[in-house]
Amino acid sequence: MGALLLDGKKLSLDIEKNLKIRVSKLKEGGIFPHLAVILVGEDPASEVYVKNKEKACDRTGIKSTKILLPSSTTENEILELIDLMNNDDMIHGILVQSPTPRTINEILITEKISPSKDVDGFHPQNLGKLVQGELGGLMPCTPAGIMKLLKQSRIDLAGKKVTVIGRSRIVGMPLAILLAQRGIDATVTIAHSKSKDLAEICRESDVLIVAIGRPEAVKLDWIKPGSVIVDVGISRINDSLTGKSRLVGDVSSKAMEVASYMTPVPGGVGPMTIAMLLTNTVDAAAKTKFN
Ligand code: NAP
């Protein structure tokens, strides 16, 4: 029997429906949720991601402003722009699309964004709250989206062996913290490019979450039958059979044959990430009411 789909697309549309209602209520109270997105350089994939974020803002009534900067923009110029936005009461969320050109230190940029407008959830203050188990703040979007998708699908993680492959600042690390928190209670293994016997680690995992950016690196025979698979990776490959390009995840799509639940690529984690970005923006706007 094939795996049931962890349908991020469907859940994200439900989340958007609720957000639309919250946005209209905020507007009635004189608050117009507003996301500012800074895109530096001309990376085609980033342009698509930013366009998808703008479209999602449109669907929910959130105002979005895109600031396109040439790749020659200096770090200081970006920091100054963020400073202006931090002090602009009409902007509730600030996002600098990653990756930035190599000359820009992304950590510095993240630290400059006011924690209350950090809708990506990457500011050290917001990440630090996760470690302390304070989950009421702005959470990193992809990990928060995955947690929501698992919860909505009633996947019990308590005491389960959960492996996260990938230890990035934006996906793997914060996700591992969320999975291990009290109340979720997963037993978490974090694997990475230096891990030994990765196939064996996967075969022992009740839940496998893969965020490495390597097309179909996780093979069918690595999957424990009946396990839950969350595929975060998204890569474009050229299909040698059809000659056309298509999107694939980090896990062989054949894993569907043996897993109990699995996210599709596309339509799994991606839409949830955007839904969480919108949620963070509306939450940030709502908090200004009390300031
Ligand atoms: P990243 O910063 O490049 O980190 C990749 C991680 O994977 C690193 O920890 C690296 O290990 C590990 N890794 C690389 N190759 C590996 C291998 N062969 N075996 C085991 N571990 C390996 O990537 P990221 O930003 O977390 O993104 C990962 C993927 O998720 C990308 O495809 C990205 O496009 C996708 N993504 C999707 C969404 C979404 O919304 N769907 C959001 C964010 C990211 P080391 O630490 O040892 O180098």
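For reference, positions follow the sequence shown, starting with 1. Small disclaimer: the values here were computed from a predicted structure and weren't measured. Each ligand, and each atom within it, is numbered from 1 in the order the structure gives.
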Is [X] in polar range of ligand 1, meaning some N or O pair under 3.5 Å apart?
| X | value |
| --- | --- |
| T273 | yes |
| Y49 | no |
| R167 | yes |
| D250 | no |

Can a protein heavy atom be found under 4.0 Å away from [atom]?
| atom | result |
| --- | --- |
| atom 9 (O) of ligand 1 | yes |
| atom 27 (O) of ligand 1 | no |
| atom 33 (C) of ligand 1 | no |

Check: Do the charged groups of E54 and K51 touch, with an N to O distance under 4.0 Å?
Finding: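 Salt bridge: no.
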Is it the case that over 12 heavy atoms from other parts of the model lie below 6.0 angstrom from the [atom1] atom of [X]?
| X | atom1 | answer |
| --- | --- | --- |
| E77 | CD | yes |
| K66 | NZ | yes |
| K254 | NZ | no |
| K160 | NZ | yes |
| D89 | CG | no |
| E106 | CD | yes |

Which of the numbered atoms in ligand 1 are under 4.0 angstrom from any heavy atom belonging to [X]?
| X | result |
| --- | --- |
| G166 | 6 (C), 7 (O), 9 (O) |
| G233 | 29 (C), 30 (O), 32 (O), 35 (C) |
| I170 | 25 (O) |
| L198 | 19 (N), 20 (C) |
| I165 | 20 (C), 21 (N) |
| G213 | 28 (C), 29 (C), 31 (C), 32 (O) |

Measure [X] to ligand 1 on non-hydrogen atoms and call it side chain, backbone, both or neither using the 4.0 Å cut-off.
| X | result |
| --- | --- |
| I234 | both |
| R214 | side chain |
| V171 | side chain |

Check: Does A211 come within less than 4.0 angstrom of ligand 1, counting non-hydrogen atoms of the residue?
Finding: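 Yes, A211 has heavy atoms under 4.0 Å from ligand 1.
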Which value, rounded to the nearest 0.5 Å, describes the distance between [X] atom [atom1] and [Y] atom [atom2]?
| X | Y | atom1 | atom2 | result |
| --- | --- | --- | --- | --- |
| M147 | M139 | CE | CE | 7.5 Å |
| I82 | K112 | CD1 | NZ | 8.0 Å |
| I94 | S114 | CD1 | OG | 7.0 Å |
| S64 | L278 | OG | CG | 10.0 Å |
| L81 | L69 | CG | CG | 6.5 Å |
| D120 | H123 | CG | NE2 | 12.5 Å |

Note to self: Using heavy-atom distances only, which candidate in V232, V248, V218 approaches atom 36 (N) of ligand 1 most closely?
What the structure shows: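 Among V232, V248, V218, the closest heavy atom to atom 36 (N) of ligand 1 comes from V232.
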Among all protein heavy atoms, pick the one closest to [atom] and tell me residue, atom and distance.
| atom | value |
| --- | --- |
| atom 23 (O) of ligand 1 | S168 CB, 4.3 Å |
| atom 42 (C) of ligand 1 | T142 OG1, 3.2 Å |
| atom 3 (O) of ligand 1 | I212 O, 4.8 Å |
| atom 11 (O) of ligand 1 | S193 N, 3.2 Å |

